[in-house]
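See structure below.
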Amino acid sequence: MIKAILIFNNHGKPRLSKFYEHYNEDTEQQIIRETFHLVSKRDENVCNFLEGGMLIGGSDYKLIYRHYATLYFVFCVDSSESELGILDLIQVKVFVETLDKCFENVCELDLIFHVDKVHNILAEMVMGGMVLETNMNEIITQVDAQNKMEKSEAGIAGAPARAVSAVKNMNLPEMPRNINIGDISIKVPNLPSFK
Amino acid sequence: MALKIVKGSIDRMFDKNLQDLVRGIRNHKEDEAKYISTCIDEIKQELKQDNIAVKANAVCKLTYLQMLGYDVSWAAFNIVEVMSSSKFTYKRIGYLAASQCFHESTDVIMLTTNQIRKDLSSPNQYDTGVALTGLSCFVTPDLARDLANDIMTLMSHTKPYIRKKAVLIMYKVFLKYPESLRPAFPRLKEKLEDPDPGVQSAAVNVICELARRNPKNYLSLAPLFFKLMTSSTNNWVLIKIIKLFGALTPLEPRLGKKLIEPLTNLIHSTSAMSLLYECVNTVIAVLISLSSGMPNHSASIQLCVQKLRILIEDSDQNLKYLGLLAMSKILKTHPKSVQSHKDLILQCLDDKDESIRLRALDLLYGMVSKKNLMEIVKKLMLHVDKAEGTTYRDELLTKIIDICSQSNYQYITNFEWYISILVELTRLEGTRHGHLIASQMLDVAIRVRAIRVFAVAQMATLLDNAHLLTGNMQRMGICEVLYAAAWICGEFSEHLENPMQTLEAMLRPKVATLPGHIQAVYVQNAAKLFATVLKNQEGNTDSTAAQETSQLMIDRLPLFVQSANLEVQERASCILQLVKYIQKLQQKDVEVAEEVCALFAGELNPVAPKAQKKVPVPEGLDLDAWINEPPSESESEDEQPKAIFAKEEPKHSRPRHTEVDEKELARRREARKQEQANNPFYIKASPSSQKAYQEAPGVEHIPVVQIDLSVPLKVPGLPMSDQYVKLEEERRQKERADKKKKEKKKRKEKRSGRGRKHDSGPESEEDITPAHMVDIVTEEMPENALPSDDDDKDPNDPHKALDIDLDKPLADSEKLPVRAHRAAEAPKSPAEDGEAENAASQEPKKKSSKEKREKKKDKDRDRKKSKEEKKKKKHKHEEKGEDLLGGQADEPVVQSEETNEVAALPTSTSAEVSDLDFWLSNAPVPSNTQEAATVAEAAPVPEAASGTAPDSEPEEPKDTEMEETKSSKHKKKKQKKEKEEKEKKKKKKHHHHHHHSDGGGEESVQNGTVEEEEPLPPMSNYCLLAENSYIKMMMEDADEVYDIQGNLQDGSQVVVSVIFENKCDSFLKSMEFNVLDSLNSKLQRPEGSGPHDGLTVPFQLPPGVSNEARFVFTVQSIVMPQKLKGTLTFIVKNEDSSTHEKLDFKLHFTCTSYLITTPCYSDAFAKLLESGDLKCSSVRLEGVIMPFHHLLARICFHHHFSVVERIDSCASMYSRSIQGHHVCLLVKTSGQTVSIDAKCDEPTLLGNVLDEIKQTFSQC
């Protein structure tokens, strides 16, 4: 079982937190802080496993993490998961690659502004702490189908809202940073729904 | 309309959305909290609006804030609102929010049951998917119970996307509602062979999770998994299965033998490191399980160790880590093969990666021997000095202690060395493990008699240098060591060289800064030392020395008497008075030493941990029973039995904080004082003494110098452990030399050249004799102590409840609770319900309980007539408090009633077990794994020669019984069907053969007496579709009707659930469901298939099993009822032959099936009637003899209406078609005549619906 999936940046700011067991908000924050503390002090090119922190089950649980540029992806798992399997799940086959496909060259800003989308992608991959799907194409198909549905539901009504949001994005000072990553909400105006 | 929507959305688009919120937070870095609190205020405003889009937006923002650590539970109800939106976009937002912040104690969760159920049965797969995902995060026992059956149905949904989610979530359901495991298990098992790899993987996942906790229940699945393992190519699934086998092999060594070969093949062939690693792991598990039985698997061990060495030597740190991890598993059973890689492991100790160093440490544990212990520990001590960061150093410390103390200090040859290692460890700064070192010191000093002299000397030095340990506040952890030091010096004070010096060290004012429990030990042991000192001094002629010692005590003890810690205070004042008395005696030149020593005389023997627990309670002794009648409250307080043991506390080898609260202590003290006062043998303190020491100069004035030492100093005067290493080395050499001499002598004497020992080679373990003849005192155990030690299991483990025998055939009673219809104004009486069930199951052995219940029922009726009726009802509700929740609350009761039955049923487990045995005893493992699989498959066939079917389905025996005689077959089948129906649809009585046509399948009301409170007869929408000697199809026509995309699309969808039941004793497979489409209605087929292709039913049917599948139809016009012709084709597979069979059926879509139960408020209903758009029609029913609420319930249930309002014998009802037609009914009853006035905007539809209603009641 996977107990939690955390994404935070190099400063420990949470970008996504998914706990498959209930903790109250304060404990969750403490766990994130503790995990960040454990993970961030590790050098690059040391191994990607470490024993869990005190708050999240102690040494029965393992933290399996990957560090990409500014982000840490941490999975907290128990002994029924294969360490290398989870590591592959984060990178080689699934999670990050899928994010990359869905956001087109994913970067931290995508996760900051679209945490809901990341949750939706994650939901197709892990459900209730168990791995649901490991096939990236299948995940992308399902995510796309749902996004399509969402767009068709928004229909006419959605278009102006998206236009405004695009305008808002353009006016913002941080936009220059945003431009090179191709903010997803700009390319949205969605012609099929106008038919 | 569209314009309005656009306008609304223009208003909305200037609302802050999630992106704006995030941006805002990033722009307000300085006053983030303030900004967020204004945002939360805005959100609260937005949540108050009616517009669901605004609400969803607000909830979406809340989800983000929740991640930042803000409590959003106050919005739980709004989240539920958003969840119940019909739009997928909002639904998804709602479910996401719920999954992030709902948990078992969220009270609004119980409001969601019906919403979730609706979403689960939605024809839109993503609605279902999103509901399943959400549910997996917040499922509660109630939800699990209420929805288990719905989810189980989804496990055979046509879409693999839903199937895999449904399968996976079952694990969560099992955890919360363990009763569901057995009924759901056959289907879960079936999913292991699902055509879709995703579903298969999910099923493997769930079973692996289950089996990991209770492996023995899943042994019978081993052949199936074996087959999967040899056939699957999905690494993820393979890893899971191989891990599962790792858990199973310890239980069944024969399984291990079978596994070794395919696993070895995999190890050689796979390129995936993850798979290779798991294979090695499982091979190790196999080897461990075999180690006792099979002597020779050295080839496999070699292979594993060799592969692991490759991993460890890899440059990838991850592989290195895992290699070491796996190596430590081999170590337990095959230490020799690991020990040859000692070089590699010691090398890993120097790795820069802490995780790897820790793993290497684990390995060291098993690699030590008498010979190399000192060397290894020396190396570790070097690491301790180098280590940065306390965690790793603490880990080193515990490892050193673990390594040395393992198996009763087996490897320690020189305890002086060990003590000095322990003393060296006290130099560690800021360690948390002071208590560990302390307990080791105590343990060694107590149990190794020969070492006491040395230990006491070391401890005395420690005490003397206590300031080094306590100087720095950071090092408080280590001061625990002083606890041990003080106790050892006190208890074994006869060995002290200079007890007086130690006594002075123990009474230094600085001691008062130590934690209370340590001070207490100091005081107590100061008294012991005092006794020793007195004894030594009284031997001399000069008595002044002794008196000076007493004076020292009297001077120093008041400091402790004033301690804030009660324990210290109490002991100090006791001892102070004692010393004062002694001083008096000394002044009279009385010899007191003997008597004082007697206070502390006697050897303390170590007691094994948990010794007390292990004493078996003698038969017939009830520890909870009162020996005497319980005394009054005040008396019992005085006689606290604990007080007797309290004094012994310091003798425990482990330091323990006394955590009794102060009041309690004060009270006990009071009690004891009283006791002491009454005790003639107790030496009383002079009443004035209390004042005396209070007048003594205050301690505050004594200057206390804090020595702050940030650099750990070597404790002066302590011998370094290294010296001992050298000494030991010399000693051993000498010994060896001696031995050689002896041996030579021996040889000279006897020329028997047995050559058992190589005298020139490295000495073997047994040759090293300990330096001292240590006599390791074994811990005392009570006589007849129980050897078992299994009190470590956590009683709260949720997996305990899942320890269920899955091979036992399912009892009829074991079905999942199914939703039944409940009319609002007719609550079911659970007692009567239970009776109905009981009567139906016709269990003679339950007669007595039945009788009882009958009486109860009579009573109930009496009550109803009496005036106390209401009161009683309330009482009843209390009994079944849960009834309000789901209407299934009576189910568990029924189940528990019938557990006897389950147990009593003759089980087929023996057959099952022998199947497994057969599979396992298939001794020569074929080299070709594929062949092995087929053998495994074929294996059970000869087993089944006795006449049962080859498959090991649990239903088997029932089935054969059923087919015994043809004459009774029919009858029995009917009974069986009845039973099944009952469980499927909440205790329903069904007259199947009356309803060969497609009418509603309800039965006539049996109870002639019409009473208002009478419970509703059970109802079902399932009706017989078609049956032949092979299969029976039951259809529930369009119970769930759903309109997918409203006005965007003209087509509407209807879901048809069909139960397939295998009635023959052969296996049914390749079932294809096909319908001849009409212009109006079409079966939805997967993309790419032609209009005449059939749909494959996503399961196979073993004999006697039934399963449910759902089919979606698209319907154009809904105003007329329709019939569709269809065919089911399937293959009947016998042991030796298989035949194609088919079954024709007619699907009947009534107009009713296009109606959706939609609640309506009375004001909206009135508006609707007033609008004048509706056409009117009416119908009269004659001769209806049933209570009015039954009538309404029937209309609600069979025709999907909901009651808007009910006044006496008149009710208004509402329903809506999938295409948005409103249907309103006004139902009136007088006597046996019921008149229904109806209005609808589509007259044809209305006419048909009324006809159907009429037909429903004409069948009664």
Side-chain angles (χ1 to χ4, degrees), chain A residues 1 14 16-20 22 24-26 28-29 42-43 45-51 79-80 82-85 87-88 112-116 119-120 123 127-135 138 142 145-146 149-150 152-158 160-161 163-165 168-169 172 174 185, chain B residues 2 5-6 8-10 12-14 17-20 22-23 26 60 63-64 66-71 87-89 92-93 96 103-104 126 132-133 136-137 161 164-165 168-169 171-172 198 201-202 205-206 208-209 212 236 239 243 273-274 277-278 317-318 320-322 352-353 355-356 1048:
Chain A
M1 288 275 282
L16 175 126
S17 68
K18 181 88 207 168
F19 290 87
Y20 294 102
H22 175 70
N24 65 31
E25 277 77 12
D26 287 342
E28 286 186 5
Q29 292 305 308
R42 292 173 65 84
D43 294 334
N45 65 46
V46 297
C47 77
N48 298 106
F49 317 116
L50 68 161
E51 253 101 83
S79 62
S80 76
S82 147
E83 293 88 348
L84 291 173
L87 211 54
D88 279 357
I112 296 173
F113 285 103
H114 301 287
V115 66
D116 49 340
H119 268 297
N120 294 336
M127 190 176 118
M130 284 182 286
V131 176
L132 177 70
E133 184 60 68
T134 52
N135 181 343
E138 171 72 11
Q142 302 298 353
Q146 291 177 50
M149 235 174 89
E150 200 172 275
S152 75
E153 274 182 355
I156 304 171
V164 166
S165 125
K168 277 187 198 165
N169 282 342
L172 275 157
E174 66 194 38
S185 54
Chain B
I5 294 172
V6 172
S9 72
I10 286 175
R12 266 192 286 122
M13 68 200 179
F14 294 103
N17 64 14
L18 175 62
Q19 281 77 39
D20 299 329
V22 175
R23 202 171 283 128
R26 286 162 67 82
C60 186
T63 314
Y64 182 79
Q66 196 270 345
M67 182 182 82
L68 298 185
Y70 290 85
D71 175 28
K87 276 199 178 179
F88 172 74
T89 316
R92 181 155 80 165
I93 292 173
L96 174 63
H103 51 95
E104 272 192 26
Y126 293 114
L132 285 172
T133 308
S136 72
C137 289
Y161 178 73
K164 72 180 178 195
K165 287 196 168 191
L168 213 53
I169 203 181
Y171 178 64
K172 295 276 173 164
S201 153
N205 221 331
V206 170
C208 288
E209 279 297 333
R212 199 164 66 93
W236 188 264
I239 288 175
K243 265 185 169 289
M273 271 302 179
S274 47
Y277 172 68
E278 295 305 337
Q317 297 283 321
N318 291 326
K320 191 173 279 213
Y321 174 89
L322 294 174
K352 60 185 182 306
D353 187 345
S355 302
I356 286 174
L1048 291 175

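Proteins come first, then strands; the chains are lettered A, B, ... in the order of their sequence lines, and each starts at number 1. Quick caveat: nothing in here was measured; it's all calculated off a predicted structure.
Here D71(B) is the residue among I239(B), V206(B), I356(B), D71(B) with the most heavy-atom pairs under 4.5 Å with chain A. In terms of non-hydrogen atom pairs under 4.5 Å with chain A, the most contact-rich of I93(B), L132(B), V22(B) is V22(B). Contact tally against chain B (heavy-atom pairs below 4.5 Å) for M1(A), E83(A), R42(A): the top residue is M1(A). Ranking Q66(B), K352(B), M67(B) against chain A, the residue ahead of the rest is M67(B), based on heavy-atom pairs under 4.5 Å. When each of H119(A), E28(A), E133(A) is scored by its heavy-atom pairs under 4.5 Å with chain B, the top score falls to H119(A).
Heavy atoms of C208(B) lying under 4.5 Å from chain A are absent altogether. Heavy atoms closer than 4.5 Å to chain A are found in both the backbone and the side chain of K165(B). Proximity to chain B (any heavy atom under 4.5 Å) is shown, for N24(A), by neither the backbone nor the side chain. At a 4.5 Å heavy-atom cutoff, the contact between N48(A) and chain B is made by backbone and side-chain atoms alike. For L18(B), the part sitting under 4.5 Å from any heavy atom of chain A is the side chain, from C-beta outward, and nothing else. Contacts of F88(B) with chain A are made by both backbone and side-chain atoms, with heavy-atom separations under 4.5 Å.
In this structure, Q29(A) has no side chain to side chain donor-acceptor pair (under 3.5 Å) partners at least two apart in sequence or on a different chain. Shown here are the salt bridge (charged side-chain N to carboxylate O under 4.0 Å, His left out) partners of K18(A), two or more places apart in sequence or in another chain: there are none.
Looking at E138(A) and K164(B), a side-chain N of the basic residue comes within less than 4.0 Å of a carboxylate O on the acidic one, giving a salt bridge.
Counting only heavy atoms from C-beta outward, the side chains of D116(A) and T63(B) never approach each other to under 4.5 Å. Under the 4.5 Å side-chain criterion, counting only non-hydrogen atoms from C-beta, L84(A) is in contact with F49(A). A heavy-atom distance below 4.5 Å is found between the side chains of R26(B) and I112(A). Counting only heavy atoms from C-beta outward, the side chains of D88(A) and W236(B) never approach each other to under 4.5 Å.
Atom-to-atom distance recorded for M127(A):CE and L168(B):CG is 5.0 Å, nearest 0.5 angstrom.
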